Each structure stands twice: as C-alpha cells, then as structure tokens.
Visitor: 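Let me begin by handing over the structure; questions about it come next.
Heavy atoms only: backbone and side chains are in, while hydrogens, waters and symmetry mates are out. Residue numbers start at 1 and run along the sequence shown. Just so it is clear, the structure is predicted and the values come from calculations on it, not from any experiment.
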Amino acid sequence: MAEYKESADNPLHRKFGIRSNTVYILKKLRQYCPSAIPIALLGIVCGSVLTYYWGIVSKYVIDLVQADADMAFKTESLFKLMLAVGGIGAVLALCNAFSQNKTWYRFIYTRMRIITERVARALALDYQMLERPDVLDVHERATQATGGNSNGVEGMMNLMVTLGRNLFTVIVTFTAVTVLNWSLIVFLVALGILQYLYYRKIIRTDKEEVWDRLAPVWRQVNYMARVTQDFDYAKDIRLFDLSRFLLGKQQEVFAKREDRMDYSKELWFKHSVVVQVLYLAGKAAIYAALFYAVLRRGMSIGNFTLYLSLAMAFSESMLQFLHRFGDYERTSLEVDDFRTFMELDLGQEEDTVPIPQTGEYLIEFHDVCYRYLKQDKNAVDHLNMTLRPGEKLAVVGLNGAGKTTMIKLLLRLYDPTQGYITLNGTDIRRFKREEYYRLFSPVFQNVEVLAFPIAENISMRAATDTDRDRAKSAADEAGLGDKIASLPRGIDSELLKVVDEEGVDLSGGERQKLALARALYKAAPIVVLDEPTSALDALAEQQLYERFNRMIGDKSAVYISHRLASTRFCDKVAMFVDGNMIEYGSHEELMATGGQYARMFELQAQYYQDGQEGEA
C-alpha cells in the first residue's frame, strides 16, 4: 500500500517502491503483451553468455595451439573446434538479435496501452480537480513517465532486460573470479557499491531538484508555445503589437527551464568523472591480480586469457548492474508519478441509486455554498432555490456574480462545499455522474469545435451511433441549415483543417448555432444556456433566446446572462450579486419591487428599444 509523500513540492505524490513497481510493470506486460516476457528472458541468457563466450573459446584455442602434438592433429582439432564454437556462437547471436528485435516494439505497444489508461483516467477526473495546480502537476509528471523509451514505464521495461543480463553474468562469472583472487572480488564489489551509492545520490537529486521542479515549467512552456503559434491568437498579437511582449515572456519561461537543465548537466559531469576514475581502478586491479598469478603461480597464457575475460565480464557487469539499478530507481520514481495520477481519489460513487424514470424533474438547492480552492469567500453563498418541471429560469447578474458557479453546481461539475442539491427529493450525489449528466442539454459560452464531420459534432457520438437525419433536423432548427446546404459534402463535411485539408471553419455565430444544434439533438429534459450569446448585440441575443425558447417547448430551462434578454419570457428570475441570490420571482414581481433587478433592467432597456428602432 502506497503512502503519501509529504513535501512542499506536491503533497499528492505517492511512493510505491521498486518491488511494487516491478510487479506492476510485469503485470502490465502480461496483460497487454504476454509474449514479451519469454522473448526477453531468451535475450537475457544469450546476451549474457556472449559477453564471456569468446574469452572461453580463446582459452581453448591457445591451449590447443600450445599443445605438444603434431601440426596435422592440431590443425584438424582447431578446425573442428572453430566449427563447433562458431555454430554455437551464431545460435547465441541470432537468439540475442531475435530477442532485441522482438521486444522493443512489444514494450512500445504496452506503453501505448498504458498511455490510453492515463488518458481515460484524465477524462474521468472530476471537473473541479482539473482546476487544481497540484493535480495538473501530477498529470504532467504522469505524462512525462509515459513519454519515451528511456524513462518511466517503458524505461523500466528496457532496464529489466539490461539488469537481468548483467545479473546473470555476475552470477556465472562470480565463481571464476573467486577462484582467481578473493581480495580482487572484494575490491571490485567495493568499487561497484561506491559507484552505485554516488549514482543513486545523483539520480535522486536530479529527479527532485530538476525534473519535479520542471513540471509546472513544462506547462508554462506548452502554454507559451500554444499562444505564440495558435492562429486563434494571431489577430490580437498583431493588432496589439504583442510580439515583443510574448517573446519576452517566452524567454522568461525558457530561462527557468535552462537553469534547471544546466544544474542537471553539472550533476552528470561530476558523475562521469567519478565513474571513469572507478573504472580505471577496477581494470588496474584485474590486471595486477592476473600478472601476479602469471609471475608467482605460473598461470598459463590460456588461463590468463580465460580469467581476464571472466574477470572483465564480472567487473563490467557488476558495475553496469549497479549503475543501471540506479537508472532503475529513477524510472521507478517516475512510475510512482504515473501510479500517483492513476490512483488519485476520484471520489468513487458507492451505493448509488438510479435516476427516476419520469418526465418531470424538480431540482432544489438547500443552503448551498461553494468556495474555490485557496479563496477567502464563497463564490456561491447559502443558496436556496427551486427549478420546477417545465419552468424557465433566468439567472442574471453582473460578471463575477456567481452565475456560472451556480450552473456548475447544478450540472454537478462541482459538488457543494456546504449544503446539498436534490433531484426529486434525492441528493444528486447519490446518482452516478454519467446518468445525471444525461438530464442536461448544455450550451456554453465557449463553443468547442472538434475535428470531426458536422453530424458527429452535433451528435457528439461516433459515426456508427449518430442519427444523421436527426442531426440534420437539429441543425436546421438551430439555423445552420443554409450553411450545411452550401457545403459539397453537406452534413458529412469535416470541421477544422486539422485532419482534412478541406475542413470547414465556422464563424462565431455559426459555432453558437452548432452548440444549439447539439442541445436540440441531445433532447435532454433540462436545457442550460450559460451566456452562449455574449458575442451578440442585445437585440440579436433577445431574438435568439426567444427563438430557442420556442424550440425547446415545455422542457425545463435555465438561461444565464449578465444582460436581461431572456427574462421577459421566463417564469422566474434569480438576481445574483457577489455570490448571493438577492432577488427571486417573476419579471413583473421584481419590477414592482423596484430593487436592483428593476434598476438594471431599466438601464439596459434602452439598448433593446434603440435596437428595435434601428431595425424598423
């Protein structure tokens, strides 16, 4: 069971450990590509044997050449030996090459499936979690952990093979080096441990001081890349002469990145110096032990060659094992990052109940409050409100009054920090989110267009699940019919030029009509319009609201605006100021009281009147 790592860096981070992460990755390989494991094991054995195989062969060749026998016998024996060892060597090399060529893409395939898991997890996160910087940092680290073959999940797979090969070599050659000289093996092990401890320190320092601190910087780098290269920002950049300003901001972000990268390079330069010194010390010790054996014990040239090969294989494999184990610890820390994100608490819904199967839904807010993270005051404060079946509710107020927050609570994108909301008397937290979401047809201010055909953009479903006739009808009702009719491929036309070079770009007004078509296609019992007409003038907004009101018929609806275009035809009006609902009633009732709503309406009325006169 993982435990939380309390740190100023990110308190959400969890530490699972090398053993747990090794088991986790092996399970993923068995789940997605089980053949990778036996193929990798074949490569481990054959790759290990090849490191000292020709040294063993050399010993027997030298012994045969130096043997006291006639030349014909030695020539025949040497020929047979080379045929045998050549055949065995060829088999070992072929098996090793087969393993290397068959494992790498299996590891990539497994990583791709793990990335799919990460994306699915991100899509399942509660909406309010996506606004938390600590959660975004955890997601960024999880993305880095699945980003390449030398780090994170795939790096751990590759290093399993490397460590396995080195460990197998160490085990096989250990006895031979022990026979040669006990003190040599102790010295080599001591050198390896020193290198490992230093490498481990470098790895941890590099992870904590460089890559962990770069997580928010990568987000800033990606944001600046998007702002400076996305055509959506091009007009503002040119008209406001933002080029120099944005380049300056980009340089500031790059400076943060380069500072950490320079620190990382300095760490690894020191490490390379230490490694070279220890490497030379190990090689000097091996040659010293062998020269001693030749001069004092009469070791033959063949045995000298054999023990040199085995001692070198032992030394290099042990150092490589300890070195790579440090890399393995690093990748394990990155797998910690991935698993931390995958095991974020999503607030699992337990003991849920089904949505009532009825055409009438009564929604009530009971003393509901919501406060954003690290804020001093509530965005919505002690709200009590009712939306009755078939009722049209207008939610009005100036920007920042709490209207959009109230809608996110209604849609259950947010859960209240105090109080509760009921649907037909049941707390909406008792329902599964996916089922609750089906009750609403939302139209938001920012209309996101997907690089899919128009029909799928309306249905928000795959082509096989899209009713094209229904999508066409919804587009016609929303006023998008003429645009679709003008296109060669009609409702099957691709939007945007991301996938199709001939993709269609919609204007701002056409995007709003597309959003209305989506709401009509979904045909949910409750419609929510969250300031989708903010780019329109007052009269056009009023006309669109009235038209849409006729389209939805007797469905329940919530209209949100800081202007009052929707209030005249709504049953109830809720006036928000600073997170508080200060007035509630019909348009006529609120006008009669002469409160803030009445003053706001009278102030805005001139725009509608002026617009009507201009139209006449």
Visitor: Check for a donor-acceptor pair, side chain of Asp137 on one end and backbone N or O of Val135 on the other, with a separation under 3.5 Å.
Guide: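 A pair under 3.5 Å: no.
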Visitor: Below 4.5 Å, heavy atoms only, C-beta onward: do Val528 and Val443 meet side chain to side chain?
Guide: no
Visitor: Quick one: closest heavy-atom pair of Asp367 and Asn384, and the distance?
Guide: N-OD1, 2.8 Å
Visitor: Taking Asn21 for its side chain and Val335 for its backbone only, find out whether a donor-acceptor pair lies under 3.5 Å.
Guide: no
Visitor: Restricting to non-hydrogen atoms, name the atom on Arg412 and the atom on Ile428 that form the minimum distance, rounded to 0.1 Å.
Guide: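 It is NH1-O, 3.5 Å.
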Visitor: Consider side chain to side chain contact (heavy atoms under 4.5 Å, CB included). Of Glu583, Glu602, Glu589, which one does Tyr597 pass it with?
Guide: Glu583
Visitor: Between Thr466 (side chain only) and Ser459 (backbone N and O only), is there a donor and an acceptor less than 3.5 Å apart?
Guide: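 Side chain of Thr466 to backbone of Ser459: no pair is present.
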Visitor: On the six-membered ring of Tyr521, is Arg470 placed so that its NZ or CZ lies under 6.0 angstrom from the centre and within 45° of the ring axis?
Guide: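 Here Arg470 passes the 6.0 Å and 45° test against Tyr521.
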Visitor: Let me see the working for His13 and Asp336 under side-chain hydrogen bond (donor to acceptor under 3.5 Å, both in side chains), right down to the final yes or no.
Guide: CA-CA 8 Å; His13 183 72; Asp336 282 347; 4.6 Å; no
Visitor: Given side chains that start at C-beta, do those of Val395 and Tyr559 come closer than 4.5 Å, heavy atoms only?
Guide: no
Visitor: Does any N or O in the side chain of Asn457 come within less than 3.5 Å of the main-chain N or O of Phe452, such that one atom is a donor and the other an acceptor?
Guide: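 Such a contact is found between Asn457 side chain and Phe452 backbone.
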Visitor: Does Met224 reach the side chain of Phe254, with side-chain heavy atoms less than 4.5 Å apart?
Guide: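 No, side chains not in contact.
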Visitor: So for atom CD, which belongs to Glu360, do other residues, nucleotides or ligands contribute more than 12 heavy atoms lying within a distance under 6.0 Å?
Guide: no
Visitor: Apply side-chain hydrogen bond (donor to acceptor under 3.5 Å, both in side chains) to Thr417 and Arg371, showing your working.
Guide: CA-CA 7 Å; Thr417 50; Arg371 179 173 298 186; over 6 Å; no
Visitor: Please name the pair of heavy atoms, one in Leu387 and one in Ile526, separated by the smallest distance, quoted to 0.1 Å.
Guide: CD2-CG2, 4.3 Å
Visitor: Does Asn151 reach the main-chain N or O of Gln144 with its side chain, forming a donor-acceptor pair under 3.5 Å?
Guide: yes
Visitor: Any idea which heavy atoms bring Phe365 and Ile421 closest together, and the distance?
Guide: CE2-CD1, 3.6 Å
Visitor: Taking all non-hydrogen atoms of both residues into account, name the closest pair between Phe338 and Ala145 and its distance.
Guide: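 That would be CB-CB, 4.1 Å.
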Visitor: Closer than 3.5 angstrom, by distance alone: can the side chain of Glu334 be matched with the main-chain N or O of Gly152 as a donor-acceptor pair?
Guide: yes
Visitor: Are the side chains of Arg113 and Gln31 in contact, using a 4.5 Å heavy-atom criterion?
Guide: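 Side chain of Gln31 against side chain of Arg113, heavy atoms only: no contact under 4.5 Å found.
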Visitor: Side chain of Arg518, backbone of Met460: donor and acceptor closer than 3.5 Å?
Guide: no
Visitor: Given side-chain hydrogen bond (donor to acceptor under 3.5 Å, both in side chains), test Arg339 with Ser20 step by step and report yes or no.
Guide: CA-CA 11 Å; Arg339 294 180 67 183; Ser20 175; 3.0 Å; yes
Visitor: Can you name the nearest heavy-atom pair linking Glu117 to Met342, along with the distance?
Guide: O-CE, 3.6 Å
Visitor: Among Lys497, Glu510, Lys483, which one satisfies side chain to side chain contact (heavy atoms under 4.5 Å, CB included) with Val504?
Guide: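 Output: one option passes, namely Lys483.
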Visitor: Could you check if a side-chain atom of Asp492 sits within less than 4.5 angstrom of a side-chain atom of Ile454, using non-hydrogen atoms only?
Guide: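 Sidechains of Ile454 and Asp492: no contact.
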Visitor: Between the side chain of Ser473 and the main-chain N/O of Asp469, is any donor-acceptor distance below 3.5 Å?
Guide: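 Side chain of Ser473 to backbone of Asp469: no pair is present.
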Visitor: Indicate the ring-plane relationship of Tyr370 and Tyr414, choosing parallel, tilted or perpendicular according to the 30° and 60° boundaries.
Guide: parallel
Visitor: Nearest 0.5 angstrom please: Asn424 CG to Thr426 OG1, how far?
Guide: 7.0 Å
Visitor: Answer yes or no: is there a side-chain heavy-atom contact under 4.5 Å between Met406 and Met385?
Guide: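 Answer yes - side chains close enough.
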Visitor: Test Leu516 against Leu529 for side chain to side chain contact (heavy atoms under 4.5 Å, CB included), laying out the working first.
Guide: CA-CA 9 Å; Leu516 295 176; Leu529 277 75; 4.3 Å; yes
Visitor: For the residue pair Thr422 and Asp427, confirm or rule out a side-chain donor-acceptor distance under 3.5 Å.
Guide: no
Visitor: Can you tell if the side chain of Leu423 reaches within under 4.5 Å of the side chain of Leu439, non-hydrogen atoms only?
Guide: yes
Visitor: Does Val449 form a side chain to side chain contact (heavy atoms under 4.5 Å, CB included) with Arg511? I'd like the steps, not just the answer.
Guide: CA-CA 8 Å; Val449 177; Arg511 288 185 176 218; 3.8 Å; yes
Visitor: Side chains of Gln220 and Lys256, heavy atoms from C-beta outward: is any pair under 4.5 Å?
Guide: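 Gln220 reaches Lys256 side chain to side chain.
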